[in-house]
S.K.: 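For reference, the structure I am asking about is given below.
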Amino acid sequence: YIMIILPFRYLINLIFLPKFINLDDHAKKNNDLYEKDLDYLFEYFNSDKGEFYVNQYMQPVKKNKKRIDAHGYSKIYKKYFENIKNDKLNILELGSFYGNAAGAFFYYFKNSKIFSGDICPDLFRYKSFRKKNFYINTSSEKSIDETLIKTEDNFNIIIEDASHTLKDQIISLFLLFRKISQNGIFVCEELDFPETRKDMNLKNEYPDLKQILLAIKKNKDFNSKYINDDDKNYFLENFKSIEILKGKINEVAIIQKK
């Protein structure tokens, strides 16, 4: 099965993967997209951050054209992104998958650089001179450190949309908060997964990131084996605000830096 069936299924699915798109060439024929709102762009690029999308996570060979409910984060993001969308920013998305959301951000943040990280970078479908694609394993502190923390790049916006497991959400925020520029924003999507899905918290650990953020909002102490004292103190000294909001289905945390 491993030697014959899996490689065969992989090759078959490759045929049905979305086509590669050079966004620089795409923009020459679709200049009007620069003026579209974020929800339009999410749906145009079939990102699950919008109101509706075609399920991009099923096997490509089984993909259909049925539109289903997406997370509906567009209205939430508009509140935080609208006033800065024309600035020159560095925007990082972790867990980019095909890069559909990055395609939307390319047009919405028309003067910004888009960084897309994923554990399966071979799936990326988009490229541009303003876009950098790379491998990262957000379950590994070492991978986060070597891929992002040790680099010169800082980010105005970080969107964490990777595995959504309890550990990964925690280490992504507390390790990467130093990499956010002044007045920057860290977003954790599907914040409630560790409390609503058993596969996101297999060991039934406590606290999850949502519980940690709620404790901080109430000025209560917290402890996690995934956070060292230096990173904890840095976060507490440098965060400006924490909001936990709900999209159509799941919750998202918006953390702003001083």
S.K.: Should Asn86 and Lys110 count as side-chain neighbours, where that means a heavy-atom distance under 4.5 Å?
M.R.: yes
S.K.: Report, as yes or no, whether the 6.0 Å neighbourhood of atom NZ on Lys257 holds more than 12 heavy atoms from other residues, nucleotides or ligands.
M.R.: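 Counting neighbours around NZ of Lys257, more than 12 heavy atoms of other residues, nucleotides or ligands fall under 6.0 Å, so yes.
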S.K.: Tell me, with the steps shown, if Asp118 and Ser96 meet side chain to side chain donor-acceptor pair (under 3.5 Å).
M.R.: CA-CA 6 Å; Asp118 199 275; Ser96 296; 5.5 Å; no
S.K.: Would you please name every residue forming a side chain to side chain contact (heavy atoms under 4.5 Å, CB included) with Lys225, sequence neighbours left out?
M.R.: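 In terms of side chain to side chain contact (heavy atoms under 4.5 Å, CB included), with neighbours along the sequence ignored, Lys225 is linked to Glu205.
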S.K.: Can you sort out the partners of Tyr206 under side-chain hydrogen bond (donor to acceptor under 3.5 Å, both in side chains), two or more places apart, ordered by chain and number?
M.R.: none
S.K.: Sequence neighbours excluded, which residues qualify as side chain to side chain contact (heavy atoms under 4.5 Å, CB included) partners of Lys66?
M.R.: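 Side chain to side chain contact (heavy atoms under 4.5 Å, CB included) check on Lys66 returns Asn64, Ile68.
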S.K.: Shortest non-hydrogen contact from Ala215 to Phe222?
M.R.: CB-CB, 4.4 Å
S.K.: Are the aromatic ring centres of Phe109 and Phe81 under 6.0 angstrom apart?
M.R.: yes
S.K.: With no hydrogens and no angle check, is any side-chain donor or acceptor of Asn154 less than 3.5 Å from a backbone partner on Ser181?
M.R.: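 Not confirmed, Asn154 side chain does not pair with Ser181 backbone.
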S.K.: Which residue pairs pass the salt bridge (charged side-chain N to carboxylate O under 4.0 Å, His left out) test with at least one member in residues 227-246, sequence neighbours excluded?
M.R.: Lys79-Glu243, Arg178-Asp231, Asp221-Lys232
S.K.: Is there a side-chain contact between Leu92 and Ile159 in this structure, where contact means two heavy atoms from C-beta onward sitting under 4.5 Å apart?
M.R.: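 Answer no - side chains too far apart.
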S.K.: Keeping Glu189 on the side-chain end and Leu191 on the backbone end, is there a donor-acceptor pair under 3.5 Å?
M.R.: no
S.K.: Please confirm whether the backbone N or O of Ala27 pairs with a side-chain atom of Tyr107, one donor and one acceptor, at under 3.5 Å?
M.R.: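 Yes: the side chain of Tyr107 pairs with the backbone of Ala27.
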S.K.: Could you list all the salt bridge (charged side-chain N to carboxylate O under 4.0 Å, His left out) pairs where at least one residue sits in residues 87-102, not counting sequence neighbours?
M.R.: Lys49-Glu93
S.K.: So which atom in Pro207 and which in Ile170 form the shortest heavy-atom distance, rounded to 0.1 Å?
M.R.: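 Looking at all heavy atoms of both residues, the closest pair is O-CD1, 3.7 Å.
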S.K.: First locate atom OH of Tyr80, then atom CD1 of Ile254, and finally report the distance between them rounded to the nearest 0.5 Å.
M.R.: 5.5 Å
S.K.: Inspect the surroundings of CG in Asn111 and state if more than 12 heavy atoms from other residues, nucleotides or ligands are less than 6.0 Å away.
M.R.: yes
S.K.: Compare every heavy atom of Ile149 with every heavy atom of Leu175, then report the nearest pair and how far apart it is.
M.R.: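 Of all heavy-atom pairs spanning Leu175 and Ile149, the closest is O-CD1, 3.6 Å.
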S.K.: Kindly list each side-chain donor-acceptor pair under 3.5 angstrom involving residues 131-139, sequence neighbours excluded, with atom names and distances?
M.R.:
unit_1	atom_1	unit_2	atom_2	d
Lys131	NZ	Ser116	OG	2.9
Lys131	NZ	Asn133	OD1	2.3
Asn133	ND2	Tyr126	O	3.0
Asn137	OD1	Ser139	N	3.0
Ser139	OG	Asp168	OD1	3.2
Ser139	OG	Asp168	OD2	2.5

S.K.: Strictly distance-based, threshold 3.5 Å: is any side-chain N or O of Arg125 a donor or acceptor partner for the main-chain N or O of Asn100?
M.R.: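 The answer is no, because no donor-acceptor pair under 3.5 Å joins these two groups.
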S.K.: Please list, chain by chain and in numerical order, all residues satisfying side-chain hydrogen bond (donor to acceptor under 3.5 Å, both in side chains) with Asn156, sequence neighbours excluded.
M.R.: none
S.K.: Grab the two heavy atoms, one from Ala70 and one from Ser47, that are nearest each other, plus how far apart they are.
M.R.: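 Looks like CB-O, 4.5 Å.
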S.K.: Whether Glu190 and Lys210 form a salt bridge (side-chain N of Lys/Arg under 4.0 Å from carboxylate O of Asp/Glu) is what I want to check.
M.R.: no
S.K.: Could you list the residues that satisfy side chain to side chain contact (heavy atoms under 4.5 Å, CB included) with Asp32, not counting sequence neighbours?
M.R.: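 With neighbours one apart ignored, the set is Asn30, Lys36.
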S.K.: Please round to the nearest 0.5 Å and tell me the distance separating atom NZ of Lys75 and atom CG of Asp37.
M.R.: 10.5 Å
S.K.: How would you list, by chain and number, every residue that makes a salt bridge (charged side-chain N to carboxylate O under 4.0 Å, His left out) with Lys113, sequence neighbours excluded?
M.R.: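 Result, salt bridge (charged side-chain N to carboxylate O under 4.0 Å, His left out) vs Lys113: none returned.
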S.K.: Side-chain donor-acceptor pair under 3.5 Å between Gln169 and Tyr226, yes or no?
M.R.: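 On atom types as modelled, these side chains do not qualify, holding no pair under 3.5 Å.
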S.K.: Would you please name every residue forming a salt bridge (charged side-chain N to carboxylate O under 4.0 Å, His left out) with Asp145, sequence neighbours left out?
M.R.: Lys150
S.K.: About how many Å separate CG of Leu94 and CG of Asp161, when rounded to the nearest 0.5 Å?
M.R.: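 Asp161 atom CG to Leu94 atom CG measures 9.0 Å (nearest 0.5 Å).
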S.K.: I want to check something: taking the side chain as every heavy atom from C-beta on, are Tyr108 and Leu38 in contact at a cut-off of under 4.5 Å?
M.R.: yes
S.K.: Can you say whether the rings of Phe235 and Phe174 are parallel (under 30°), tilted (30 to 60°) or perpendicular (over 60°)?
M.R.: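 Phe235 and Phe174: tilted rings.
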S.K.: Side chains of Leu33 and Leu41: closer than 4.5 Å at any heavy-atom pair?
M.R.: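 In contact.
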S.K.: Could I get the full list of salt bridge (charged side-chain N to carboxylate O under 4.0 Å, His left out) partners for Lys85, not counting sequence neighbours?
M.R.: Glu82
S.K.: Please examine the side chains of Ile242 and Ile216, heavy atoms only from C-beta on, and report whether any two atoms are closer than 4.5 Å.
M.R.: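 Side chain of Ile216 against side chain of Ile242, heavy atoms only: contact under 4.5 Å found.
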S.K.: Between Phe42 and Tyr77, what is the ring plane arrangement, given parallel below 30°, perpendicular above 60°, and tilted in between?
M.R.: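 Phe42 and Tyr77: perpendicular rings.
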S.K.: Going by the rule side chain to side chain contact (heavy atoms under 4.5 Å, CB included), which residues pair with Phe52 if we only count those two or more places apart in sequence or in a different chain?
M.R.: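 Expected list: Glu43, Arg67, Asp69, Lys248.
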S.K.: What I'd like to find out is whether the side chain of Leu176 reaches to under 4.5 Å of the side chain of Leu148, using heavy atoms alone.
M.R.: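 Side chain of Leu176 against side chain of Leu148, heavy atoms only: contact under 4.5 Å found.
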S.K.: A side-chain contact here means heavy atoms from C-beta on lying under 4.5 Å apart; do Leu202 and Leu166 qualify?
M.R.: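 A side-chain contact under 4.5 Å is absent here.
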S.K.: Do the side chains of Phe97 and Leu123 get nearer than 4.5 Å, heavy atoms only?
M.R.: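 With C-beta onward as the side chain, the pair touches.
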